[in-house]
Amino acid sequence: MQKTENRNIEEATRRVKERMPLEKIRRNPKYRDLSPEGYEQLIKNAETIALLILKALFFKK
């Protein structure tokens with residue numbers, strides 16, 4: 001089960017990176033100087049926030 005969940009998360013992360021590549025994010029003045037390492041951290045942080053929100057929603061019920 002954990003393996004399936006990890007694969008789903010990895011797939012979702014891959015889709016986000018396809019839809020919002022570094023070049024597209026750099027068009028926003030706030031992220032103009034974003035490095036590739038910063039991009040990876042930004043994606044990781046967004047993933048963590050999304051998972052925390054989902055966990056809060058599911059455990060609330």
Side-chain angles (χ1 to χ4, degrees):
M1 175 116 172
Q2 184 70 22
K3 200 175 203 180
T4 304
E5 289 176 12
N6 287 343
R7 191 174 58 213
N8 289 341
I9 292 168
E10 290 170 3
E11 179 66 22
T13 302
R14 184 190 61 75
R15 288 192 311 263
V16 168
K17 287 181 178 182
E18 285 178 1
R19 291 184 180 125
M20 293 298 294
L22 178 57
E23 297 77 28
K24 190 171 184 179
I25 290 178
R26 282 183 175 163
R27 291 181 198 157
N28 184 327
K30 182 177 179 180
Y31 299 108
R32 183 168 296 145
D33 298 325
L34 187 66
S35 68
E37 295 81 19
Y39 172 71
E40 290 298 325
Q41 188 63 47
L42 182 67
I43 296 295
K44 183 70 175 166
N45 290 347
E47 178 182 300
T48 301
I49 291 168
L51 289 173
L52 288 172
I53 290 170
L54 288 172
K55 187 182 264 189
L57 288 173
F58 284 112
F59 285 121
K60 185 177 179 181
K61 293 182 180 179

Inset, instruction - Let me see the working for E18 and R15 under salt bridge (charged side-chain N to carboxylate O under 4.0 Å, His left out), right down to the final yes or no. - result: CA-CA 5 Å; E18 285 178 1; R15 288 192 311 263; over 6 Å; no
Inset, instruction - Please lay out, stage by stage, how L51 and K55 fare under the test side-chain contact (heavy atoms from CB on, under 4.5 Å). - result: CA-CA 6 Å; L51 289 173; K55 187 182 264 189; over 6 Å; no
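Defined by atom type and a distance below 3.5 Å, a donor-acceptor pair is missing between the side-chain atoms of N6 and E10.
Residue I25 shares its hydrophobic cluster (ILVMFWY side chains chained together at separations under 4.5 Å) with V16, M20, L22, Y31, L34, Y39, L42, I43.
The residues E23 and R26 are annotated as not salt-bridged, no charged nitrogen and carboxylate oxygen being separated by less than 4.0 angstrom.
For the atom pair I49 CD1 and L54 CG, the distance stands at 12.0 Å (nearest 0.5 Å). Rounding to the nearest 0.5 Å places CG of L57 at 11.0 Å from CG of L52. To the nearest 0.5 Å, atoms CD1 (I53) and CZ (F58) are separated by 12.5 Å.
Taking 4.5 Å as the limit, every side-chain heavy atom of K17 sits out of range of all side-chain heavy atoms of R14.
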